[in-house]
Amino acid sequence: MIPGLSVFEREGIRQRLRTESYDLLVIGGGITGAGIALDAASRGLKTALVEKNDFAFGTSSRSTKLIHGGLRYLKQLEFGLVKEVGSERAVVHRLAPHLVVPEKMLLPLSEKKGMGYWLTSIGLRIYDYLAGVRREDQRMMLTRQQTLKYEPLLKKDDVNGGAIYAEYRTDDARLSIEIIKCAFQHGAHVINYLKVHEFLYENNRISGVQVTDQLTNESFTIEAKVVVSAAGPWVDELREINRSKTLKRLHLTKGVHIVVPHEKLPVRQAIYFDVEDGRMIFAIPRGRTTYIGTTDTNYSGSIDHVVATRQDAEYLIQGVNAMFPTVSLSVNDIESSWAGLRPLIHEEGKSASELSRKDEIFESPSGLISIAGGKLTGYRKMAERVVNLVVKKYFPDSTLTRCHTDKIKLPGSGFLSNREVKQYISEVTESLNSLNLSEHKARYLVGNYGRQTHEILDDMRRSHDVSPAALGLLKAELHFCVHHEMVATLCDFFIRRTGLLYFDIQQVNKWKAELARECQRLLNWDEERVRKELSDLDAVVANATAFR
Ligand code: FAD
C-alpha cells in the first residue's frame, strides 16, 4: 500500500532530498508545480518538489475557484487560449468529478453595458464550439422575462435578456493538494516549508538548489539535473537570484474576493455580470455563503503578504448593489475575503485587465526553466509543455513514457459519473444523520475529499470522542490531513485543507482552541508553539476582515 503524504514523512523525505540526486526538481507547490511534478513522475523522471510555505499558499488558493474557459478571453480574441482551457475543463472534471463540478452560469444582458444580446449569442456559440461543449450543455439564450425568473434580484430595468452557459467550480487549494498527493503516489518526493534561496552550479550550469527548512531552520542542498521554477508571482525573484531576469518580466495584478452570508446576497445560482467600468464580476453561492470577485489592479507591494483593502471591498460592493438594488450590501456584511496575485507577463502599454493570461516558458543561460502566466484550468497542458521540453532537451535517449496525466484520476476520485458522486453524497448524508450532522456537511466532505471521506468517518467512529459532533468531525478531518496531506500548522488546516477561513469563519473562531490542543497532542507541540499557532491564525482571521 502507498503511504499517505503524512507530516511524519517530512524527516524521511528531507533525508532523501539531501542524499539522492534528481532528474527534475520543481520549485513551487501551487497548481503549476503540482501539475509538472505529477506529469514528470508519471512519465518516469525521478522528481522532487519543494514549496517554501504550505502547498497552494500562493495564487493557487486565492483564485475565483472556477475551472473555466475564460469567456472574457474571447473578447480579447485569444481563441487559442479559450480552446485549450475550454477543452481542459471536461478533462479535469473527469479526473476529479467530486472536486470539479459542473456549474451553470447566468449571464444577464443589458442594452447599456457589455456586448449586447446578439454578439453574446454568437460569442457563446463560438465558445461552446472551441471548448467542445456537449450539446446538452451548450449555451441557452434567455428572454428578459426568463432571465428575471432565473434571478429575481436583478435590476429589472437594466436587463434585456440573458444567457446560461456551462462552467465548472472547484476548490483551487484542494485541487493543487490532490495533484501533489498523486505526484507523491507516483514516486515524486514532495515537501512543504522548504525554501529555495540559492542555486548550485557546475560549469555554469544549474546542478541543484540550496534550501532552508522554514520549520526547523536547517539548510542543505539538493542535486538535480534540471530545475524548473513554477514559483508563480515569485518567478522573477528566483530569476534575479539566477541573474537571468532580462527581457521579459512579470506584471503582477491583484484580484480580491469578498464573502458574505448567502442570505445577504441570496443569488439562486452563479452569475457573471457587467459593472460600470466595463469589467465583469462573479457572484457565486457556496455553502452558507456567496462570494464575489474579482478586482484587477496593478500591484507592487509585498508578494508574501497580499490583503484586500477597503477600496477593493467597496468596488465589489458597489458592483453588486448596482446589479441587485434590493440587497443593499455594506462592507459590514463581509465575513471574510482573500486576495491573490496574477503572475502575468508584462506587455508595454497594456492595462491590468488587457494583459494576456497565456503562459510562457523562460530558459536562462544556466538552464533554469521558469513558467509563468496561465490559468488554474490549463495546469495539465502547461505541465505537459514543460515536461516535453525537459525530456527533449535533457533526456532525449530515454525510454520515458509520453504524457498521460489525462488518464490519471486524482485521489478520492473513484467516480464514473456525476450520478455516482450524488449517490455517494446520499450515503454520507445517511451516515451523518445518526450524528445530527446535515446534508450540507455531507456535500462539503465529498466536495473536499471525495471517496476519502469514508476514512474520516471511520476515524470519527473509532475515536469514540465525546466532543460535539461538529468538533468530532473537524478533529477527524485534522487527523486525515495530518496523515495524508502534510498539514504542519493550524493555518494549513483552516485555510487550504478545509477552506473554513473563507466559507465558515465562525467555525474557525469557535473551534480553534480545541483544534490547537488536538494538534498539540498529534504533533507534540509545546505551549509556546500552541500560542504561536493561535496567534498566526488570529492574524489571518483579522486580515480577512481588516478593512471593515
Ligand atoms: P502559485 O499558486 O502562486 O504557486 C507558486 C508557489 O511557489 C507558491 O506556493 C510559493 O510559496 C512557491 N514559492 C515561491 N518561491 C519559492 C521558493 N524560493 N522556494 C520554494 N517555493 C517557492 N485561474 C482559473 O483557471 N480559474 C479561475 O477562476 C481563476 N481565478 C483567478 C482569480 C484571481 C484573483 C487570480 C489572482 C488568479 C486567478 N486564476 C484563475 C489564475 C490562477 O489562479 C493562477 O494562474 C494559478 O493559481 C497560478 O498557479 P502557480 O502554481 O503558477 O502559482
Side-chain angles (χ1 to χ4, degrees), residues 25-37 49-70 72-73 81 84-86 88-89 92 100 103 167-173 175-177 179-180 191-199 209-214 222 227-242 250 252-257 270 272 281-282 284 291 293-297 299 303-304 306 308 312 337-344 352 357-359 370-379 382-383 386 496:
L25 178 112
V26 183
I27 307 173
I31 193 92
T32 311
I36 295 169
L49 178 147
V50 297
E51 161 57 52
K52 74 169 178 168
N53 200 294
D54 182 28
F55 301 126
F57 165 80
T59 309
S60 301
S61 54
R62 306 159 195 236
S63 75
T64 308
K65 306 179 195 301
L66 291 173
I67 293 297
H68 64 151
R72 60 185 286 270
Y73 313 130
L81 184 63
E84 179 171 299
V85 286
E88 271 301 289
R89 298 179 307 177
V92 189
V100 178
E103 174 92 35
E167 292 288 25
Y168 294 83
R169 71 184 146 82
T170 190
D171 185 294
D172 45 8
L175 184 62
S176 307
I177 286 155
I179 299 168
I180 285 171
I191 191 163
N192 52 8
Y193 293 101
L194 213 64
K195 178 177 180 177
V196 171
H197 53 84
E198 190 46 279
F199 293 99
V209 295
Q210 183 146 34
V211 292
T212 303
D213 190 326
Q214 306 296 293
I222 307 173
V227 176
V228 169
S229 162
W234 293 265
V235 153
D236 274 356
E237 205 173 277
L238 285 157
R239 288 169 80 214
E240 253 166 42
I241 297 175
N242 179 237
L250 292 194
L252 302 181
T253 78
K254 182 169 88 161
V256 162
H257 291 82
Y272 189 33
I281 59 182
F282 291 101
I284 302 175
Y291 66 98
T294 174
T295 59
D296 197 358
T297 50
Y299 186 76
I303 310 179
D304 292 282
V306 191
D312 296 323
S337 72
W338 66 90
L341 296 177
R342 301 177 185 82
L344 306 176
R357 267 58 180 164
K358 260 178 76 178
D359 56 286
S370 306
I371 176 152
K375 308 261 319 150
L376 201 67
T377 311
Y379 80 90
M382 287 164 69
V386 169
R496 290 164 293 269

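Note that ligands are numbered from 1 as they come in the structure, with each ligand's atoms numbered from 1 the same way.
Checked against side-chain hydrogen bond (donor to acceptor under 3.5 Å, both in side chains), Lys375 has the following partners two or more places apart in sequence or in another chain: His68, Tyr73. Ile241 is linked by a side chain to side chain contact (heavy atoms under 4.5 Å, CB included) to Glu198, Phe199, Leu238, counting only residues two or more places apart in sequence or in another chain. The salt bridge (Lys or Arg N to Asp or Glu O under 4.0 Å) test applied to Asp171 returns Arg286, not counting sequence neighbours.
At least one donor-acceptor pair closer than 3.5 Å links the side chain of Ser61 to the backbone N or O of Ala56.
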Every pair of nitrogen or oxygen atoms between ligand 1 and the protein that is under 3.5 angstrom apart - can you list them with their distances to 0.1 Å?
| unit_1 | atom_1 | unit_2 | atom_2 | d |
| --- | --- | --- | --- | --- |
| ligand 1 | 2 (O) | Thr59 | N | 3.3 |
| ligand 1 | 2 (O) | Ser60 | N | 2.8 |
| ligand 1 | 2 (O) | Ser60 | OG | 2.5 |
| ligand 1 | 3 (O) | Thr59 | N | 2.9 |
| ligand 1 | 3 (O) | Thr59 | OG1 | 3.4 |
| ligand 1 | 9 (O) | Glu51 | OE1 | 2.7 |
| ligand 1 | 9 (O) | Glu51 | OE2 | 3.2 |
| ligand 1 | 9 (O) | Gly58 | N | 3.4 |
| ligand 1 | 11 (O) | Glu51 | OE2 | 2.6 |
| ligand 1 | 18 (N) | Val196 | O | 2.9 |
| ligand 1 | 19 (N) | Val196 | N | 3.0 |
| ligand 1 | 21 (N) | Lys52 | N | 3.0 |
| ligand 1 | 23 (N) | Lys375 | NZ | 3.3 |
| ligand 1 | 23 (N) | Leu376 | N | 3.2 |
| ligand 1 | 25 (O) | Leu376 | N | 3.1 |
| ligand 1 | 25 (O) | Thr377 | N | 2.8 |
| ligand 1 | 25 (O) | Thr377 | OG1 | 2.6 |
| ligand 1 | 26 (N) | Leu66 | O | 2.7 |
| ligand 1 | 26 (N) | His68 | NE2 | 3.4 |
| ligand 1 | 28 (O) | Leu66 | N | 3.1 |
| ligand 1 | 28 (O) | Leu66 | O | 3.3 |
| ligand 1 | 30 (N) | Thr64 | N | 3.0 |
| ligand 1 | 30 (N) | Thr64 | OG1 | 3.4 |
| ligand 1 | 45 (O) | Gly374 | O | 3.1 |
| ligand 1 | 47 (O) | Ser60 | OG | 3.0 |
| ligand 1 | 49 (O) | Ser60 | OG | 3.1 |
| ligand 1 | 51 (O) | Ile31 | N | 3.2 |
| ligand 1 | 51 (O) | Thr32 | N | 3.0 |
| ligand 1 | 51 (O) | Thr32 | OG1 | 3.2 |
| ligand 1 | 52 (O) | Thr32 | OG1 | 2.6 |

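Considering Leu250, Val196, Asp304, Ile27 in turn, Asp304 is the only one that fulfils the side chain to side chain contact (heavy atoms under 4.5 Å, CB included) rule with Trp234. Checking each of Val85, Val100, Leu66 against Thr377 for a side chain to side chain contact (heavy atoms under 4.5 Å, CB included) leaves exactly one that passes, namely Val85.
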